[in-house]
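I have placed the structure first, in the form of structure tokens, so that the comments after it can refer back to it.
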Amino acid sequence: MRLTTILPLLTLPITITATPTPNPTPNKHSKPSRLWATHYNGNVYTLSLSETNLSITHTQKTCGKMPSWLTYDSESHIVYCSDEDGTADPSTHGSLTAYRPGRDGGELHELSTTSTIGGGVDSVIYEVGREKFIAIAHYEGSAVSTFKLPLKQNSPSNQEFHFKMTKPGAVPQQDSPHPHSVFLDPTGSFIVSPDLGADLLRIYSISSSGELTSCPPVNVTFGSGPRHGLFWTDGTDEHSSSSSSSKPTHQREMAAVGKTMMYLVNEIGGTMMVFDVSYARSGCLNLESKQTLTPYPGPGMDPKTNSKSEMPSGATPSEIRLIGDKFYVSVRSDQGFEPNDSMVTLSRNAKDGRVKVDGKSEAWGKVPRTYAVNRVGDLVAIGNQASATVAIVRRDRVSGELGEKVAVLQVGEPGKVGSAEGLSSVIWEE
Ligand SMILES: *[C@@H]1O[C@H](CO)[C@@H](O)[C@H](O)[C@H]1NC(C)=O
Ligand SMILES: *[C@@H]1O[C@H](CO)[C@@H](O)[C@H](O)[C@H]1NC(C)=O
Ligand SMILES: *[C@@H]1O[C@H](CO)[C@@H](O)[C@H](O)[C@H]1NC(C)=O
């Protein structure tokens, strides 16, 4: 059933246990790790990491004019790249390209490509029975679209959802709806898309045919500019053996869910929000806001609420991940380690799921737009956009702390802070 088959696709909170074994001893003869990075210069790079030697092994002009985001389906061994070119104007477009990585070198062999609504950024793969789909958030395109997988050459989208503002936003960046990401709930039955322009969490239920059905969106505080988020679940699954039940797939999975929470970072408001999640009989998700904090350490910080802390002026949270009970939020342009920016570590309280800030560590570059933790959980690859550097830092698997710099590599030319230039994303081949 979907609950088990979706597991390989879920992100770190589920695949890494909360009770890790200590850091493995580095093995001199271990195979190099491979990474891929996208750059707004139109290149996708294959990187190789062997101990402290991080190097570029392939540079490929591909994924349209603005390669923006990579999603790796490790199960079928296919990489998907979204191209952020284009806007909501239907005479423009972006693209989606599927690749199979080469066995040895890791260069990407193009399998198929198709044009999409403009402004494609983050994407997520979802599965219904034996069928797979990919959903894409279109930032400039003010839309969410889906494609059936495997991606066919020039295939049309499966579904498109186009959005319009119903009221003006708080800041010029909120001139139109800007879905910034798409992510799955722990049952694999819902997709949430934070819309930075409209201050909404757009929610879709995934039907048994793979079609998305809109649920009522959830408001976030005016001017927050929601960007990225993730779910946490206690993993209790009382009904997982009832897959032969004659109930519709949806209701069955609703019943199978234990305690579930959602965590969100807001780019414009510089905040992080905590929600209790419940699965409503209506077939939609209920999100109840439980805490809002600033994911940044500060001199005026109230340790109970973090309410006095503020992001430094001009700083914005970007990516969020959860491993065990530690959150990591990358913060762009805080200049916490001048001229470099910061990664902030936060702790999740096991009792009530609330969050407090632990501290910050160095991103070893400017504008850490994305970062990715390897599956073992001992290395973090930080994609610094403006400096166009990929920095590998150690992560302590027991304390969760981010530590020493392992390697830093220039990948393509630096970009101007605040522009769509520079390194756009980095992922591990895992
Ligand atoms: C680093 O790795 C690259 C690619 O694997 C290799 O060509 C290069 O020789 C290595 N450099 C060192 C100093 O080991
Ligand atoms: C969300 O915001 C809109 C516009 O401000 C308002 O009309 C609506 O009632 C809000 N919905 C909820 C559930 O608060
Ligand atoms: C900023 O990061 C670069 C790249 O890793 C590094 O060379 C430099 O020393 C860092 N600067 C500071 C002040 O840490």
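All ligand and atom numbering here is 1-based and tracks the order in the structure.
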Discussion item. Considering A407, S48, S50 one by one, which has a heavy atom nearer to atom 5 (O) of ligand 1 than any of the others?
Written reply: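 Answer by nearest heavy atom: S48.
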
Could you tell me, atom by atom, which parts of ligand 3 come under 4.0 Å of a heavy atom of [X]?
| X | value |
| --- | --- |
| W364 | 2 (O), 4 (C), 5 (O), 14 (O) |
| E362 | 1 (C), 10 (C), 11 (N), 12 (C), 14 (O) |
| K405 | 5 (O) |
| V408 | 4 (C), 5 (O) |

Fill in: Nearest-0.5 Å distance that lies between atom CG in D85 and atom OG in S115
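Going from the CG atom of D85 to the OG atom of S115 covers 11.0 Å.
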
Worksheet item: To the nearest 0.5 Å, how far apart are OH in Y99 and OG1 in T113?
Response: 6.5 Å

Discussion item. For F222, does the six-membered ring have the charged nitrogen or CZ of K167 within the cation-pi criterion, i.e. under 6.0 angstrom from the centroid and within 45° of the normal?
Written reply: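 So K167 doesn't make the cation-pi contact.
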
Worksheet item: Could R202 and F163 be counted as a cation-pi pair, given that NZ or CZ must be under 6.0 Å from the ring centre and within 45° of the axis?
Response: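 Output yes; distance and angle both within limits.
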
Worksheet item: Looking at atom 3 (C) of ligand 3, what's its closest protein heavy atom, distance included?
Response: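 Answer for atom 3 (C) of ligand 3: N340 ND2, 3.7 Å.
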
Worksheet item: In the protein, which heavy atom is nearest to atom 6 (C) of ligand 1, and how far is it?
Response: N53 ND2, 4.2 Å

Discussion item. Taking side chain to side chain contact (heavy atoms under 4.5 Å, CB included) as the criterion, tell me which of L379, V373, V380 meets it with W428.
Written reply: L379

Worksheet entry | Residue among F147, Y80, Y126 satisfying ring-ring contact (aromatic ring centres under 6.0 Å, His included) with F133 | Y126

Discussion item. Contact between ligand 1 and S55 is defined here as a heavy atom of the residue under 4.0 Å from a ligand atom; is it met?
Written reply: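 Yes; S55 lies near enough to ligand 1 that a heavy-atom distance drops under 4.0 Å.
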
Discussion item. Assess whether a salt bridge exists between D378 and R397, defined as any Lys/Arg side-chain N lying under 4.0 Å from an Asp/Glu carboxylate O.
Written reply: no

Practice prompt. May I ask whether atom 9 (O) of ligand 1 is less than 4.0 Å from at least one protein heavy atom?
Written response: no

Discussion item. Geometry only, no angles: is E338 polar-contacting ligand 3 at N/O separations under 3.5 Å?
Written reply: no

